[in-house]
Every structure is written in structure tokens, then in C-alpha cells.
Amino acid sequence: MTITTRFAPSPTGLLHIGGIRTALFSWLFARHHNGKFILRIEDTDRARSTDAAVQVILDGMAWLGLEYDAGPFYQTERAERYNEVIAQLLEAGHVYRCNCAKERVEQIRNAALSRGDKPRYDGHCRSLKVTDTNAVIRFKTPVHGQTIIDDQVQGKVIFENSELDDLIIARADGSPTYNLTVVVDDMDMAITDVIRGDDHLNNTPRQIHIFNALGANPPNYAHIPMILNPEGKKLSKRDGASGVLAYRDQGYLPAAVLNYLVRLGWSYGDQEIFSIADMIAAFDTKGINKSAASINPEKLLWLNRHYLKNAENKTLAKPLADLLQNLGINLNNGPDLIDLIDVQKHRTETLRDMAEQSVFFYNDFETYDEHAAKKHLRPVILTALQALQGALQQLQDWNNNNIKRAIEETAAQLEIKTGRLAQPLRVAVTGTSVSPSIDDTLRLLGQEKTLRRLHKGIALIELRCSS
RNA sequence: GCUCCCUUCGUCUAGCGGUCAAGGACGUUGCCCUCUCACGGCGAAAACACGAGUUCGAGUCUCGUAGGGAGCACCA
């Protein structure tokens, strides 16, 4: 049998990092077993589902490379099939119509609650022959016995059937509810392994009952723990739960996000770095932890730096270009992207940092960083900068070696350390005290821009001298 | 309230009864390297929630306590 997994988000909120991890685990499990991975959009809650949320799911998975072998399937398009199954269940007597007033059900719940019991429906209509087609349809949950889930992560979990009530599988308007659609879909799509958040663990016995009623075998289950924010609380918008695409916009690499997520709640000895191929080869539900994990932004950043450093320059060009353009930069006004990436990727944490720290290559700055200018653009360095200007002006070949030599020789002639000259130079041409190594900085900037800015810096110092 | 799940350094984790006076990684921190930021190199601090059992021996098994989490919808 082909191992088949699925990711089944409901588009009621933007897909966040927790959802992506669930998708990743399912995807990895399928890939590891040479199986199939299916994307299914559970949009039966029409009131809360949005197209925007669907788009984030599609775009997010595409961005991360979590490609699916079938789908996306939309549950709203499968209404006919659900009706068919409901009719079948009705026919077989596994379900019944119930026209209990909401108020009555509410009352029963409250009474149970105040009695210290679990709130549940009392099965009032179970033996009545309600024919009202505007009634909801409830499932006849077994009253006795136990339902045992042999969960791949949680181990054996035992539920007493008497704890469960007769759940509604179809609303008064005839539309199916979650537990029914999940079972029908998992059955029809021949899902062999369900990997999902452990918030669904409590739903599982109900779903198993429905599988049984349908004469189908339930899949294997693996309920993975949820992930928490750095404070150990439920993920909220502030924690990036606003959607996976936020990570792209913040300059994270898919490889880093995936590597970070795969190690969140799963481990393989002491290994930290996993390429996609590595994780596919190593992934197994055996390595999944049972406890919830908090996300740690610093570690994600560390991984991002790792993948940035090791990325092929050309793969970063497009995403960096997007980010630079977001900053309003005209790419024609500065260095070639590949050259830029080659020097910046070793010293930035994200592509966004890279973009922000590269602005000066493209746009002239209006003001200097105040502190840097005050510290480095001082009269003492004036003659050295003037001498350097002359040396740089004479360079025929604008390359790292020549630039470096010009700076070092000028410093040597004036008997000052290279650093004493390099920093003022850096401030003059970049406006700040931080940039790539000085020779790279000047080379990428180009001779013309360098000299123009250096000239401006010298003029500023001269102005200081005279005042 | 009831049912289910969880509990090793700040965080992610290794650990599957003795090799653990608990290992790795991020972060923090000391030193080195250095034209700035960063990288890199060498170090350091830092944890088995608590209490009973079982056992010659428990981070590892059992039970309880405490603390977290999830579910109990005509939401998914």
C-alpha cells in the first residue's frame, strides 16, 4: 500500500508557522516512504473561510517547496459525496435525526456542568423516529466499551466510549460537519497516515467510530504537540502567526525555516543541520517528541545565517532584488547583485538585513550617522584622507588589491595604522561605521562614487577646521 | 468541572536501568583573530518539577502531587 499523508488546513486564519510544521512532518513522512502527499482545504465553515487565507496556504507551501502530489481538494466542492455518505449512514441506522431545540441541549450541558460532569447530549432523539428533514443528524456513538488509539507519537491512548456523546454530523441545513468530512475524505483519498496537531487527539475516537460505521479502516495516527511562542504561550500574531509569508518578507530562506521547524519537536541524535535530502532520509515519527516546544527566534536566525552563507549567489538574487525594490531602490544605480551578495551574505542574518545594509551602494545618503561622523571625520585625519583621495584617484584598475594597497601605503607613509584611516574612509563613503571590508566596499561602490563621497567627506572636515 | 496529553540547562534537544558527578545546538559570557559589523578558533556558566515506591542500582519503570496544554460547538 502506498503511504499517503495529507495536510488539511482550514482557511479560517492565515497559515502560520505551527501549521507549516504539521505540513512539513506530513510531507516528510510521505517523501521518506516514497508515498503521496495530498493537500486538502477544509473550508466547510463558509462563514469564517476566506480566499486570502487559501492563497496564503498555496503561496506559503510553494515558497517552502512543500509540493503535493494531489490536490488542492476543497471540501466545499465535495458536498455531493458527503450527502451520499450521510444517506448511507442514515440507511444503515448509524445516525439519526434530532430536532431537540438548541435551548434544550444547552440546558442539558449546563446541568451536567453544574453536576460536575462532562457536558454532552443525552441521546434524547436516538430512539425517537424523527423524520423532520430540518433536524440535525447525529451519530450513534457506541455507549459501552473503549476506543484505543495506537498513536505513533502519544502511544496507546484509551478513551471510554461512555465519555463521548452523539455528535452532530450534519447541520440543520444539511451541511456536513468537520468530523464527518474528515473521515469521508481520509477514506476516499486512501490516507494511510494522519499527522496532525494533538489538539485533534480528542476528536480521534469519534472519527474512528465513523470509520467503523462506514466499514473502513482508520488510518494510523500521529498527534504531534503544538508549538508555543518564546514565552511558552499559544502562538499569536506577534509571534509570526500572522502568516508564513511574513518570514519570506523578513528575509528568511526556505531552507532555514524548514530546518528550524524540523528540529522543533523532532530530533535525530545531535544533528542540527538538515538539508531537505537529509531530513527526508532521516525523518520518522519515532523521533517526534511528546511535549510542546517553544519557538526560538535566535536559533532560526542562526540557521538563516548558515544557509545564507552557504547559498549559491544566484539563488539569492531574485529574493534580494525583491527586497531591495521594496525599499524603493533602482537596481541600476549600484553594483551587480551577484557581486553584492558575494560579499554581504557572509555578514548578514537575513536577506532583509542584506537589503537594508546595501542601500548606500545604490543611493547617496543625505546625512552621516551622527556618532560615526563625530568620531571619525575629524581634522586629525584630514591630510591622510586627502592623500588617500589622490592615491585612489590614480588607480587604473579598481580592484580589491589595488584599493587595499592604496589604503595601506597611504597609512604607512603617514605612519598611522590602517584602521585609523579605514574607519574615517568608511564613514565618508557609507555614512556609517559599519559596512563590508573596506576594499570590498569601495570596489562595489565604484571609483566614481567613492571619490565623490570622499570629496564630500573631506569638505565636511575642512568646514569643521575653519569653524 | 470532566476526559485526554505533557514536564532534562533561558530555548530546542540527546538520554531508551548501570558507560550520566547528564552530552550537543541556539542564546549568554571570557579570551584570541580583526579596517568596522560579522565570521572563525579556544574556553566558561547553565537542567533531570516535587514526593513516594520498584530495583543491588532510576533522568530512564510505577503511582501520587504540583504546574502547563488540549478537548468537551449546528468551529475546524
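Naming: A, B, ... by sequence-line order, numbering from 1 per chain. Source: prediction; values computed, not measured.
Looking at the side chain of K299(A), the nearest of the listed nucleotides A76(B), C4(B), C12(B) is C12(B). The side chain of Q154(A) lies closest to C5(B) when the candidates are A76(B), C5(B), U11(B). In this structure, the nucleotide among G69(B), A76(B), C4(B) sitting nearest to the side chain of L201(A) is C4(B). Checking A76(B), A70(B), G40(B) against every side-chain atom of D199(A), the shortest atom distance belongs to A70(B). Considering only side-chain atoms of Q423(A), the nucleotide from A14(B), C35(B), A25(B) that sits closest is C35(B). Comparing C74(B), A14(B), C5(B) by their closest approach to the side chain of K290(A) singles out C5(B). Counting only heavy atoms from C-beta on, A422(A) has its side chain closest to C35(B) among C35(B), U11(B), G23(B). Taking the side chain of I168(A) as heavy atoms from C-beta on, and the options A73(B), C35(B), G27(B), the nearest nucleotide is A73(B). In the set C26(B), A76(B), G1(B), G1(B) carries the atom at the smallest distance from any side-chain atom of K118(A). Listed nucleotides U13(B), A70(B), A76(B) differ in distance to M226(A); the shortest reach to its side chain belongs to A70(B).
The residue among L300(A) and I295(A) whose nearest nucleotide of RNA chain B is located toward the 5' end is I295(A). Mapping R109(A) and Q75(A) onto RNA chain B by nearest heavy atom places R109(A) at the nucleotide closer to the 5' end.
N203(A) comes within 4.0 angstrom of a nucleotide base, judged by non-hydrogen atoms across all strands. When heavy atoms are screened at a 4.0 angstrom cut-off, G265(A) is found touching the sugar-phosphate backbone but no base atom.
Just one residue in the list V183(A), V194(A), T5(A) forms a side-chain contact (heavy atoms from CB on, under 4.5 Å) with P219(A), and that residue is V194(A). Partner D166(A) forms a salt bridge (Lys or Arg N to Asp or Glu O under 4.0 Å) with one of R138(A), R126(A), R120(A) and no other, that one being R126(A).
Only the P atoms considered, G64(B) is 48 Å distant from C42(B), to the nearest whole Å. A58(B) and C50(B) have their P atoms separated by 15 Å, given to the nearest Å. Across G23(B) and C48(B), the matching C1' atoms stand 13 Å from one another, rounded to whole Å. Between the C1' atoms of U60(B) and G53(B), the separation comes to 15 Å (whole Å).
Proximity of R97(A) to C125(A): side-chain heavy atoms (C-beta onward) are nowhere separated by under 4.5 Å. In this structure the side chain of F25(A) never reaches within 4.5 angstrom of the side chain of L261(A), judged on heavy atoms. Counting heavy atoms from C-beta on, the side chains of L264(A) and R21(A) come closer than 4.5 Å.
One finds no side-chain N or O of S291(A) lying less than 4.0 angstrom from the OP1 or OP2 phosphate oxygen of G69(B). Proximity of R305(A) to the phosphate of A38(B): no side-chain N or O atom is located under 4.0 Å from OP1 or OP2. Note on N289(A): a side-chain N or O is less than 4.0 Å away from OP1 or OP2 of A14(B). For S267(A), a side-chain nitrogen or oxygen approaches OP1 or OP2 of A14(B) to under 4.0 Å.
Base-pair partner of A25(B): U11(B) (Watson-Crick or G-U wobble, both distances under 3.5 Å). Searching all strands for a Watson-Crick or G-U wobble partner of G51(B) with both distances below 3.5 Å returns C63(B). In this entry U36(B) has no Watson-Crick or G-U wobble partner, no candidate having both defining distances under 3.5 Å. With both pairing distances under 3.5 Å, A58(B) is matched to nothing as a Watson-Crick or G-U wobble pair. Using the Watson-Crick or G-U wobble rule with both distances under 3.5 Å, U3(B) pairs with A70(B).
Looking at R347(A), its side chain has no donor and acceptor atom pair within 3.5 Å of the base of C39(B). The base of C72(B) is not paired with the side chain of R120(A) by any donor and acceptor separated by under 3.5 Å. Side-chain to base pairing of E272(A) with G24(B): one donor and one acceptor N or O lie within less than 3.5 Å of each other.
Syn is the conformation of C39(B), whose glycosidic angle sits no further than 90° from 0.
A salt bridge does not link R78(A) to E80(A): none of the charged side-chain nitrogens sits closer than 4.0 Å to a carboxylate oxygen.
In this pair, F365(A) and Y368(A) present their aromatic rings perpendicular. The plane angle is above 60°, beyond the 30 to 60° band.
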